[in-house]
Amino acid sequence: MATGTSLWSFALVVGLLTLTPGLDTALVLRTAALGRRARAWGVVLGIQSGTLAWGALTSLGVTALFTASHIAYEVLRWAGAAYLLWMAFRMVRDTFRGRAAAETPAELTTGADTLSAGWRQGTLTNLLNPKMGAFYVAVLPQFVPPGGDHFSTGLLLTGVHIALGVVWSALLIAFAAVLGTWLRKPYARALLDRITGAVIAGFAVRLALTD
């Protein structure tokens, strides 16, 4: 398989994965919908930082060794599930706790609207998802041309995944901006947080129960 062919083939696979509604989409859309544009882009950069880390570790062979360790995988799986449940719980809890105060505009910006805060959230969400590592171990090596340098080609393929993720996230943020006025109304914000919290909790339960 030539390098050009492998890039296009890998782009098709991860492109379909990126377009599939999931945890990353829910997190970016919810953050942007609340008007936290800087934090939303921080989440995007954090998610892609995690993707880069998984791609680099896989290219080095470290992730393959990690996923071969049942104990290490289980620890990361349960840590990831606990983090997602905690995030979902806080999201839903705040919609009830702040219902009366939510009438004030200041309440709509609760939480730091900074690039660094979003980056931490996005990075943790990605790195604590062992299925990202398992995906890269299973898929990435298949697209490295025979005789090609595993590390450099692996990073190149990971770069394709990151580029597609950034483009898709930019579209989500733009879409959220169009509906921003309505989505930042107190009742709409509460509904959005409860739906997103339920989605994240569902991912957490699936992560915890899936072997």
Side-chain angles (χ1 to χ4, degrees), residues 14-15 17-54 79-99 101-132 161-207:
V14 295
L17 177 67
T18 300
L19 293 175
T20 302
L23 178 61
D24 293 350
T25 298
L27 193 58
V28 171
L29 190 57
R30 182 258 179 187
T31 306
L34 296 181
R36 303 170 190 171
R37 191 176 182 86
R39 188 183 180 104
W41 275 110
V43 170
V44 173
L45 294 177
I47 290 170
Q48 302 313 324
S49 295
T51 300
L52 178 61
W54 283 119
Y83 173 72
L84 292 178
L85 279 176
W86 172 78
M87 186 164 56
F89 168 75
R90 284 190 57 189
M91 200 174 292
V92 175
R93 179 202 62 187
D94 290 347
T95 65
F96 292 98
R97 175 182 288 180
R99 179 178 295 172
E103 298 300 327
T104 62
E107 185 68 19
L108 297 179
T109 58
T110 299
D113 183 20
T114 62
L115 204 68
S116 59
W119 182 84
R120 288 192 298 271
Q121 186 179 30
T123 303
L124 274 175
T125 301
N126 190 285
L127 291 181
L128 288 176
N129 183 3
K131 296 196 173 194
M132 275 292 294
H161 191 183
I162 291 173
L164 291 173
V166 170
V167 170
W168 175 239
S169 297
L171 292 174
L172 290 175
I173 292 174
F175 172 74
V178 173
L179 299 178
T181 302
W182 180 80
L183 289 172
R184 285 193 292 274
K185 290 181 180 179
Y187 72 89
R189 180 199 174 191
L191 178 63
L192 178 66
D193 278 2
R194 289 170 192 170
I195 292 174
T196 308
V199 170
I200 293 175
F203 276 102
V205 171
R206 190 173 70 175
L207 180 61

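Separation of atoms CZ (Arg36) and CD1 (Ile173) is listed at 13.5 Å; rounding is to 0.5 Å. The OG1 atom of Thr123 lies 10.0 Å from the CD atom of Gln48; values are rounded to the nearest 0.5 Å. In this structure, CD1 in Ile162 is found 11.5 Å from OG in Ser169, a value given to the nearest 0.5 Å. In this structure, CG in Leu164 is found 8.5 Å from CG in Leu19, a value given to the nearest 0.5 Å. Taken to the nearest 0.5 Å, the CG atom of Leu23 stands 11.0 Å off from the CE atom of Met132. Rounding to the nearest 0.5 angstrom, the gap separating the CG atom in Leu29 from the CG atom in Leu34 is 9.5 Å.
Counting heavy atoms of neighbouring residues, nucleotides and ligands inside a 6.0 Å radius, atom CH2 of Trp119 does not exceed 12 of them.
Between Trp168 and Val28 the shortest side-chain heavy-atom distance does not fall below 4.5 Å. Contact annotation: the side chain of Thr18 approaches that of His161 to within less than 4.5 Å [non-hydrogen atoms, C-beta and beyond]. Counting heavy atoms from C-beta on, the side chains of Ile47 and Thr125 never come closer than 4.5 Å. With a 4.5 Å cut-off on side-chain heavy atoms, Leu172 and Val44 do not count as touching. Residues Thr31 and Trp41 have side chains not in contact (no heavy-atom distance under 4.5 Å, counting atoms from C-beta outward).
Across every non-hydrogen atom of Ala33 and Ala176, the tightest pair is N-CB, 3.7 Å. Counting all heavy atoms, side chain and backbone alike, Gly50 lies closest to Asn126 at C-OD1, 3.2 Å.
Using modelled atom types and a 3.5 Å distance limit, the side chains of Trp54 and Asn129 yield no donor-acceptor pair.
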